[in-house]
Asker: 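Below are the structure tokens for one structure; questions will follow.
Just the heavy atoms: all of them, side chains too, but no hydrogens, waters or symmetry mates, feed the values below. Because the structure is predicted, anything quoted here is derived from the model rather than measured.
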Amino acid sequence: MAKRTTRKGKKVLRQGRRVMPAMRRTAQRARAAAEKAQLTVGEIIAAAFDTSGGELGGVLAQLASPQMSRALGRRIILEG
């Protein structure tokens, strides 16, 4: 991948770098964020009940959402 090129008489070695795939990059960020904040499942469910106004359907939708699994770095599967 690296080739030599000249810049004002000097030979310069060009280097390329591969970009990390987006899925691995977001999972890595989510894992780092999840390690910072240690939450229990009970705290997460209580927060979901607070934000949905106590409706079970809203809680299930929030906990099963892709945004929540991305934020936590794990999937929460509940049946109701």
Side-chain angles (χ1 to χ4, degrees):
M1 171 133 198
K3 294 183 179 181
R4 293 192 180 272
T5 185
T6 56
R7 181 187 287 172
K8 294 185 182 179
K10 294 182 180 179
K11 288 190 176 182
V12 178
L13 185 66
R14 289 190 304 176
Q15 275 188 317
R17 144 181 123 73
R18 288 191 217 166
V19 177
M20 186 182 293
M23 289 298 288
R24 266 193 12 216
R25 188 172 54 235
T26 56
Q28 204 171 39
R29 286 183 192 152
R31 198 174 306 117
E35 288 174 0
K36 286 181 194 172
Q38 295 292 326
L39 297 173
T40 64
V41 177
E43 291 174 335
I44 294 169
I45 293 173
F49 267 106
D50 287 343
T51 57
S52 68
E55 295 181 16
L56 186 60
V59 172
L60 292 176
Q62 284 180 2
L63 294 177
S65 70
Q67 291 86 2
M68 182 66 80
S69 61
R70 202 174 315 128
L72 296 174
R74 299 181 187 274
R75 289 181 62 198
I76 297 176
I77 301 172
L78 297 174
E79 295 180 13

Asker: Would Gln62 and Ser52 count as a side-chain hydrogen bond (donor to acceptor under 3.5 Å, both in side chains) if you check the C-alpha gap in whole Å, the side-chain angles of each, and the deciding distance to 0.1 Å?
Answerer: CA-CA 8 Å; Gln62 284 180 2; Ser52 68; 5.1 Å; no

Asker: Please list, one pair per line, the donor and acceptor atoms closer than 3.5 Å that link side chains of residues 67-78 to other protein atoms, with sequence neighbours excluded.
Answerer:
{"unit_1": "Ser69", "atom_1": "OG", "unit_2": "Pro66", "atom_2": "O", "d": "2.9"}

Asker: Could you work out, with side chain to side chain donor-acceptor pair (under 3.5 Å) as the rule, every residue matching Thr26, not counting sequence neighbours?
Answerer: none

